[in-house]
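Below is one structure; the comments refer to it alone.
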Amino acid sequence: MGYGDLRKGRRCIEGQEYLVTTVCSERRPVFSNATNMRLFVAEIRRLETQGDVDWLAWIVMPNHFHGLLRLKGNRCLPDIMRLLKGRSARALGGPTWQEGFHDHALRKEEDRCAVARYLLANPVRAGIAVSLRDYPYWHCTWLAHGDNPDLFLEP
């Protein structure tokens with residue numbers, strides 16, 4: 001099955017929530033550089049500020065990105081990802097991403113916090129950080145400023 005086959009089922013439904021993953025070209029660790037990481041995070045926030053999405057949770061890893069988002073307005077998921085990847089590639093000065101992205105539309109019965117826990121645990125599982133507290137490039141709407149993120153990761 002090719003990437004085109006995966007796109008056939010995508011629809012634009014305001015309020016639909018998706019888990020998305022996109023990978024850097026050739027799995028290069030583009031975001032092991034703090035400046036690149038900050039530039040990408042600015043583009044994540046820009047989409048939310050523009051009213052295109054609500055980011056429920058996200059994490060930027062050295063060579064890929066995971067996000068849990070809710071669509072807002074008239075934009076479709078492919079449009080959101082095209083904007084995110086295109087703008088960030090321009091900000092970073094060149095080709096950054098592999099073609100396409102993976103998405104999973106969440107069903108009503110799926111636990112959003114469990115999905116967020118799974119994606120936020122990535123740096124710990126990958127051995128990049130001992131604790132989520134040690135990893136600065138993430139966001140989760142279920143955590144207030146000052147909360148201990150490691151407690152959120154515990155089921």
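Contact between D134 and A129 at its shortest, heavy atoms only, is CB-CB, 4.2 Å. The shortest heavy-atom contact between A105 and Q16 is CB-NE2, 3.7 Å. Looking at every heavy atom in both residues, G67 comes nearest to L119 through C-CD2, 4.4 Å. Residues P62 and C24 come closest through the heavy atom pair O-SG, 4.3 Å.
More than 12 heavy atoms of other residues, nucleotides or ligands lie within 6.0 Å of OH in Y137, so this atom counts as buried by the packing criterion.
Classification of the F65-W55 ring pair by plane angle, with boundaries at 30° and 60°, yields perpendicular.
Within the model, atoms CG of N36 and CG of L92 stand 4.5 Å from one another, a figure rounded to the nearest 0.5 Å. Note that CG of L84 is 8.0 Å distant from OG1 of T22, once rounded to the nearest 0.5 Å. Atom CZ of R133 and atom CH2 of W138 lie 10.0 Å apart (nearest 0.5 Å). In this structure, CZ in R38 is found 11.0 Å from CZ in R45, a value given to the nearest 0.5 Å. Rounding to the nearest 0.5 Å gives a distance of 7.5 Å between CZ of R70 and OG1 of T141. Note that CG of L19 and CG of L56 are 10.5 Å apart. Values are rounded to the nearest 0.5 Å.
The hydrophobic cluster containing M37 does not contain V23, counting ILVMFWY residues as joined when their side-chain heavy atoms lie under 4.5 angstrom apart, directly or transitively. Clustering ILVMFWY residues whenever any of their side-chain heavy atoms sit less than 4.5 angstrom apart, transitively, puts L120 in the very cluster that holds I128.
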(request) Show your working on side-chain contact (heavy atoms from CB on, under 4.5 Å) between H64 and F101 and close with a plain yes or no. (result) CA-CA 10 Å; H64 65 283; F101 60 95; over 6 Å; no
(message) As a quick check of understanding, evaluate side-chain contact (heavy atoms from CB on, under 4.5 Å) for L77 and L69, giving each step before the final call.
(response) CA-CA 9 Å; L77 182 61; L69 64 90; 4.1 Å; yes
(request) Could you give me the CA-CA distance, side-chain angles and deciding distance for W58 and F40, then say whether ring-ring contact (aromatic ring centres under 6.0 Å, His included) is met? (result) CA-CA 12 Å; W58 53 259; F40 182 63; 7.9 Å; no
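By the side chain to side chain contact (heavy atoms under 4.5 Å, CB included) test, R90 pairs with R87, sequence neighbours left out.
Ion pairing of R46 with E43 is present here, as a side-chain N (NZ or NE/NH1/NH2) and a carboxylate O approach within less than 4.0 Å.
Proximity of K72 to E48: side-chain heavy atoms (C-beta onward) are nowhere separated by under 4.5 Å.
Judged by distance alone, with hydrogens and angles left aside, the side-chain atoms of R75 form no donor-acceptor pair with the main-chain N or O of G51 at under 3.5 Å.
Screening I59, N148, N122, L151 against L132 for a side chain to side chain contact (heavy atoms under 4.5 Å, CB included) leaves a single residue, I59.
For F31 and W97, the distance between ring centers is under 6.0 angstrom.
In the model, H104 has no side-chain atom that pairs as donor or acceptor with a side-chain atom of H102 under 3.5 Å.
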